[in-house]
Structures are given as C-alpha cells and as structure tokens.
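To start, the structure under review is shown below, and the notes come after it.
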Amino acid sequence: MPHRAHLFSLTPGHAIYHSCIKNGYKLKNLKQDLLAGISVGIIAIPLAMALAIASGVPPQYGLYTAIVAGVIIALTGGSRYSISGPTAAFVVLLYPIAQEFGLAGLLMATVMSGIILVLMSLLKLGRLIQYIPEPVTLGFTGGIGVVIAVLQIKDFLGLSLPALPEHFIDKVYTLAQALPAADGPSTIVAIATLCIMLLWPRFSSQVPAHLPAILVGSLLALGFNRYGAEIETIGTRFQYPLAGGGIGMGIPPFIPAFELPWLQQGSDGQPLGLSWGMLQALLPSAFAIAMLGAIESLLCAVVLDGMTGKRHSANSELLGQGIGNIIAPFFGGIPATAAIARSAANVKAGASSPISGVIHSLVLLIGLLCLANILAYLPMPAMASLLLVVAWNMSEAPKALHLLKSAPRSDIIVFLTCFSLTVVFDMVIAITVGILLAALLFMKEIADMTRLYDISKNRRYIDKPLPDTWLVLKINGPLFFAAADSIFSEIKLLSDHKRTVILYMDGVSILDAGGLAALNKLTKELKQKDTHLVITDLQFQPIRTLAKAKVQPVDKLLYFYPTLKDAIERHPQ
C-alpha cells in the first residue's frame, strides 16, 4: 500500500528530490549521468529535427523543444529516467494545427495543453492510464504509425508536390497519382538509409542504428548532388533571416530566444494575435495534446519502472509535463512528452537520475550552436526513412497482430474502430469513440455476468420443503443500471401466482441508482399482485444504497432478513 500511495502522490520535482537530494548525489552518479546524457543527446538531435518537420514546422523548433522542455520536465517531473521532447505520437495532432494556424497557433495550443496537464495533476488524475484500455492505445498508436508513414512517402521518393491534402484518403490518392514522378537518387538515398537502420542491429553495436544510417544517407546525397542531382536537404528546404538582412540556410545556430507565442507567425506569415475566439478554436486540440501527452508520459514511466525496479510519481510527472509545456512555447518549443525509445536508451546507457535528462538537453544545445552548418546537409529522404522506422516502432504491430489473433471479439472491435478512426479522421475522435465503445462493451459484458437462479428446491441452500406459493431466487453479479432492468423483469415473470418471493442477494456486490429504481418498480408491480418481496443476505454497499434512499420495510409488501435461513423460518406462510 505505501508503494501505491507513493505512485500517486503529488510532489513537484519528485524525481530529482528522491534520486539526488534525499539519497545523495556522488561523483559516480554524475559520471553515469554524463555518459547517458551525451549518448541520448546525440541520438535525439536528428530525431528532434525530423519530428518537428513531420509536425509541419522548421527543424529548429524540435531542438528548442528538447532543449527547454527537456530540462524543465527533468527537474520538475516524477520519473527519474524519462527523457522528454517531441515525439512521433504528436505528429498527427500537430500537423493540422500548423497548417491551419501556423507556428503561433501550435505554440498557443501547447501552452493551453500545459495548463490542462497541471490541472490534471492537481486533481490527482495520475491514475488516468489505468482507465485507457489496451485496444484503445494500440488502435490509436497503430493508426498514428500509418499516418506518419504515409506523410513520409513524399520525401522518401523525392516527389515534387505542394502541401498534401487535409484528409487521409485524399493524401493517398495524391501520392498514388505522383508515384510515376519519383526521383531516382532521392529514392536510392532513402532505401540505403532504411536498409542500414534495419540491418545495423544485427551487428550488436552500441551505436544507435539511425546515426550510421543518417551519415551514409548524407554522404550519398552529397555525392549525388555534386554530380547534378537535386536531392532536397534541410539546408535547401528551410531558411532563416540573418541579422544583416540576408537569408541563412538550414537551422539558425542561436540560443532559443524568448518571444510571446501569439506574436509568432500564423499560417499567413503574419503574427497570429491573441483573442478569445482563437483560444476557443484551439481548445479541442489543446485538450487532445494534453490527453495524449499524459498517456505517453505515464506509459513511459511505467515501462521505465519495469526496467529499473524504481517507482515514479504519476501526478508529479503530469505536473512536470504541464510546467514544461507551459514554458517551452515561449522559447519556440512545440508539445513535449516523455519519449519511450529515448528514455529506454537513457536507462541502458546507465543513467542514475534526472540529471542525465538535463545533460541530454545541453548536448542538443551544443549541437544547435556548433553543428548547425553540418546539420543543413541532412537529406530529406534520409529523414523520411528515419521517421518510417519510428512509425513502425510506435505502431507496436506485433502486439496488435497478437491482439487480433487472441483477444475477445469486443477488444478486436475497439481496436479496429480506434485504428480506422485515427487513420481516416483524427486521433481526438478515435480516442473519444474508442473509450466510449470500450466502456459500453465492458458494461455489456459485466451486465451479462449478472444471473438469476431459482434455488427454491436446492438443498444446498434450503434444507426443508417450502410452500408451493414461495419462490426463492439467487442473484449473482452487480445490480447496476445495465443489468437491473432485465433481472427484475425476469423476477416479475417468475413471480406470477406466487405469494412470497425471496431474493437471496449475497452475490450482489453493487446496487446503483438504476438498480434501486428497478427494485422500486418491481415492488410496485408485486403490490398489485399482493405478493411479498423478501430480501436477504445484503452486502455492505447495497445496504448503504438502500439506507441512503431511505428504503424501509413495508408490511405485507417488502421485508428484510439478515440471512436466508432467518427468512424461511420467520416469514409468515
């Protein structure tokens, strides 16, 4: 029980306090965190840029996110090994926002989502993850993986297309129409990068696969471009203004600057501005970002607990994620949450505290300041290959296939519904419908478990013959709104021509308002037939419900006895 209380406590900076202050922080721990932070920081540089591009904004904003939010969440959160930054799960939410409202709208939605996360932590909603069924999470993560993969086809094949259409089916149709115009050199770079990423793990190297893959892809693209090809790179696609009035290629080698989110560019290139109407328009997206961020960060913390044997504080983690997402947009940060792949790499690299997360962010900052010119040579086809692998990993396809083969039919329906809605419409609809559908199917299954048995002649319960006008029924299962009507309707039918009906309710753990209403309806119907209703062996919760509703015994209608034996012996025949 103490572990459970610890899991759902709310303490700002829970992870840093328990790993560094309470237990002490030694030189050995610093060395471990340095090595882990440097390793993860190197991994995160191309990932952060690729995820920003996939989200519809220039690559530097992914670095800003990992730099600013990464530090803040590490110092204020509840999971000591989590590494926070942009993640693939957000892409399907952020890309439409960026297209409609521009960078400014995306940053404002991030601030709003951070406020929602803080409120969730103050309301102690860290248990949230327990109420999201696995078919729902597998459905929307699988759908996200498909959407991300489709978005990468354009750069993977070097297709010269304007912005893709808004709807998934239109995207697929547009890409299919453009396939004959695929660029050969770009496709070769993309395939080479992808092959290295898939084959590299077989060599059991400590170097993450995407680093040599990106390096080979960049060298190939450089060679092709030198001989007349036109493979697009970060430097040719993205530019930034220079202080002297010129234009820089790629990403700006500057520290993230403070700027109010609503003064950044909207979709028309002008400052978006702050208005009540704009906040209302962004609120649904902000809520979806907050919900997804909460799910991702808590899932990540649970995975890390399993890897390390430590315990996170769920509400403290939500608080840290909220604070990070409130502050980061003022420095150009888009939504951030804990990234499972990077966090797992952090643990495997030997991290001992959240300090490794801080060091990871400093490595990204150094990369931004010192390597900006080199990063401009990264080819877009190689970045697309990187995101294809990310999409495959986050889709958890093996788990999804296992679910389809072995899960109950209701879980399969929920999974397919969430998957289809995520792909065809959007994740907000998918999660909402998925949770509602899962809840309805779960209630149906629980309702089906509530059964009625005639035990009038069962010698296990009754040791002497009863009058022919008596009926003893045993109810097994919860009498809640979804089950009560059918159960009490069946009791009414069985009670025809009976003088006394005894309900043996030792198997009823729950009686809710719906069950109480059905019971009241039954008593009124039995009164018309001059039938006595006798209730025995009530558990605590049903007694409390009846007492709160001030249900009292009624002579010649409703009787209560502590046990079935008492009812048989004491009730008048």
Side-chain angles (χ1 to χ4, degrees), residues 44 47-57 61-62 65-66 69-70 73 79 82-98 106 109-110 113-114 116-117 120 128-129 132-152 168 284-304 317-318 321-322 324-325 328 333-345 386-397 399-400 415 418-419 421-423 425-432 434-435:
L47 276 173
M49 295 196 302
L51 291 167
I53 294 168
S55 300
V57 295
Y61 294 102
T65 306
I73 295 171
S79 177
S82 290
I83 299 293
S84 295
T87 64
F90 281 135
V91 167
V92 294
L93 279 173
L94 306 189
Y95 186 81
I97 301 172
L106 189 52
T110 306
S113 72
I116 294 170
L117 283 167
M120 289 171 66
L128 173 74
I129 191 173
I132 307 295
E134 185 175 49
V136 174
T137 57
L138 283 178
F140 76 71
T141 53
I144 290 169
V146 170
V147 173
I148 293 173
V150 168
L151 288 174
Q152 304 320 304
F168 180 81
S285 297
F287 183 77
I289 293 169
M291 289 296 296
L292 182 58
I295 293 168
E296 282 282 298
S297 61
L298 296 180
L299 269 176
C300 180
V302 170
V303 169
L304 298 178
E317 180 65 6
L318 290 183
Q321 295 290 338
N325 279 284
I334 60 177
T337 190
I340 294 177
R342 276 162 274 168
S343 300
L386 171 61
L387 286 174
L388 280 177
V389 175
V390 170
W392 170 259
N393 290 336
M394 79 161 298
S395 70
E396 297 192 90
K399 285 181 71 174
F415 168 78
C418 285
F419 178 85
L421 290 175
T422 301
V423 171
F425 295 102
D426 63 57
M427 204 184 65
V428 181
I429 295 173
I431 293 178
T432 304
I435 292 175

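Being a predicted model, the structure only gives us computed values, none of them experimental.
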Review point. Does the side chain of Ile148 reach to within under 4.5 Å of the side chain of Met394, using non-hydrogen atoms?
Key: yes
Check your understanding: Taking Thr337 for the side chain and Gly293 for the main chain, is one N or O donor matched with an acceptor at less than 3.5 Å?
Key -> yes
**Study point:** Distance (rounded to the nearest 0.5 Å) between Lys399 NZ and Leu138 CG
**Key:** 5.5 Å
Check your understanding: So do the side chains of Leu298 and Leu318 get within less than 4.5 Å of each other, counting heavy atoms only?
Key -> yes
Practice item. Might you point out which heavy atoms bring Cys418 and Gly139 nearest each other, and give the distance in Å? Key: CB-CA, 3.9 Å
Review point. Roughly how far, to the nearest 0.5 Å, is CD of Gln321 from CE of Met120?
Key: 11.0 Å
Exercise for review: Heavy atoms only: give me the nearest Gly145-Ala391 pair and the separation to one decimal.
Suggested key: O-CB, 3.4 Å
Review point. Can you name the closest pair of heavy atoms from Ser55 and Ala98 and give their distance?
Key: O-CB, 3.5 Å
Study note, to complete from the structure: Result for side-chain contact (heavy atoms from CB on, under 4.5 Å) between Asn325 and one of Leu117, Ile334, Ile289 points to Leu117
**Study point:** Straight-line distance of Phe415 CZ to Thr137 OG1, nearest 0.5 Å
**Key:** 10.0 Å
Review point. How long is the gap from CZ on Phe419 to CD1 on Ile144, to the nearest 0.5 Å?
Key: 11.0 Å
Study note, to complete from the structure: For Leu386 and Ala50, the nearest pair of non-hydrogen atoms, with its separation, is CD2-CB, 4.1 Å
Exercise for review: State, to 0.1 Å, how close Thr65 and Gly85 come at their nearest heavy-atom pair, and which atoms those are.
Suggested key: CG2-C, 4.3 Å
Review point. Is any side-chain heavy atom of Leu106 closer than 4.5 Å to a side-chain heavy atom of Val57?
Key: yes
Review point. Taking side chain as C-beta onward, heavy atoms only, is Thr87 less than 4.5 Å from Arg342?
Key: yes
Practice item. Quick one: pull up OG1 in Thr141 and CG in Asn393 and give me the separation to the nearest 0.5 Å. Key: 11.5 Å
Check your understanding: Nearest heavy-atom pair of Ile116 and Ala290: which atoms, and what distance?
Key -> CG2-CB, 3.6 Å
Check your understanding: How far does CG of Leu292 sit from CG of Leu299, to the nearest 0.5 angstrom?
Key -> 9.5 Å
Practice item. Side-chain contact test, heavy atoms from C-beta onward, threshold under 4.5 Å: evaluate it for Tyr95 versus Val147 and give yes or no. Key: no
Point to revise | Ser297, Ser79, Ser84 screened by side-chain contact (heavy atoms from CB on, under 4.5 Å) with Ile73, the one that passes | key: Ser84
Exercise for review: Could you walk me through whether Ser82 and Leu304 pass the side chain to side chain contact (heavy atoms under 4.5 Å, CB included) test, one step at a time?
Suggested key: CA-CA 8 Å; Ser82 290; Leu304 298 178; 3.5 Å; yes
Point to revise | Whether Gln152 side chain and Leu388 backbone form a donor-acceptor pair below 3.5 Å | key: no
Practice item. Using atom types as modelled and distance alone, determine if a side-chain donor or acceptor of Ser343 lies under 3.5 Å from a backbone N or O of Ile83. Key: yes
